[in-house]
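Shown next, in structure tokens, is the structure this report addresses.
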Amino acid sequence: MLNRITPAAIHPPAANYSHATGVPPNARWLYLSGQVGIAPDGTIPDDAGTQAEICFANVGAILREAGMDPADLVRLTTYLIDVRDRAGYMAVRDRFVGSPPPASTLVVISALADPRYRIEVEAVAARV
């Protein structure tokens, strides 16, 4: 079982994430490449909320293929190209990760690999 760590001695998380996630010995680790908002048919929606839905659908598909689920997420790192997309992204993330949530970092950057991408989500998962 993963151990979500949010010490009372520091300021609580600013959103739905844990400050850290402890992984027990002998866990099986899975490192996911960054997932972007490109649908299986190759289309790329214009809005970040729909792209976030695709990103997390992709993460979910990868986890299932590996015999895992969102409860196995240890950490998320998300890149947005516009801070105004944060609320839409967080709503999708919060529905996907459940509770307790993994450790998470959100970074706003100037661009991703394709100018149509508004969001990219990397993930690390572990299962005992």
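Position 1 is the first residue of the sequence; numbering continues from there.
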query = Under a single-linkage definition using a 4.5 Å side-chain heavy-atom cutoff for Ile, Leu, Val, Met, Phe, Trp and Tyr, are V124 and V97 assigned to the same hydrophobic cluster?
reply =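 Not linked; separate clusters.
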query = Can you get from V59 to L106 by hopping between Ile, Leu, Val, Met, Phe, Trp and Tyr side chains that sit under 4.5 Å apart?
reply =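 Yes.
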Keeping [X] on the side-chain end and [Y] on the backbone end, is there a donor-acceptor pair under 3.5 Å?
X	Y	result
T6	S18	no
R28	A66	yes
Q51	R116	yes

request  = Measure the acute angle between the ring planes of Y31 and W29, then classify it against the limits of 30° and 60° as parallel, tilted or perpendicular.
outcome  =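 The arrangement is parallel - the two ring planes meet at less than 30°.
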request  = Specify whether Y89 and F56 have parallel, tilted or perpendicular ring planes, treating 30° as the upper limit for parallel and 60° as the lower limit for perpendicular.
outcome  =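 The arrangement is parallel - the two ring planes meet at less than 30°.
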request  = Give the C-alpha distance, both sets of side-chain angles, the deciding distance and a yes or no for salt bridge (charged side-chain N to carboxylate O under 4.0 Å, His left out) between D46 and R118.
outcome  = CA-CA 8 Å; D46 291 333; R118 302 189 59 77; over 6 Å; no
query = Are more than 12 heavy atoms from other residues, nucleotides or ligands located less than 6.0 Å from atom CG of D41?
reply =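 Counting neighbours around CG of D41, more than 12 heavy atoms of other residues, nucleotides or ligands fall under 6.0 Å, so yes.
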inquiry  = Looking at R86, I'd like to know if its CZ atom is crowded, meaning that more than 12 non-hydrogen atoms belonging to other residues, nucleotides or ligands lie closer than 6.0 Å.
reply    =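 No.
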query = Which value, rounded to the nearest 0.5 Å, describes the distance between D72 atom CG and T21 atom OG1?
reply =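 Rounded to the nearest 0.5 Å, the CG-OG1 separation comes to 11.5 Å.
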message = Name the residue from L32, L30, L63 that meets the side-chain contact (heavy atoms from CB on, under 4.5 Å) definition with L73.
response =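 Checked L32, L30, L63 against L73; only one passes side-chain contact (heavy atoms from CB on, under 4.5 Å): L63.
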Identified side-chain contact (heavy atoms from CB on, under 4.5 Å) partner of P102 from the options R4, R75, R93 =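 Looking at R4, R75, R93, the match for P102 under the side-chain contact (heavy atoms from CB on, under 4.5 Å) is R4.
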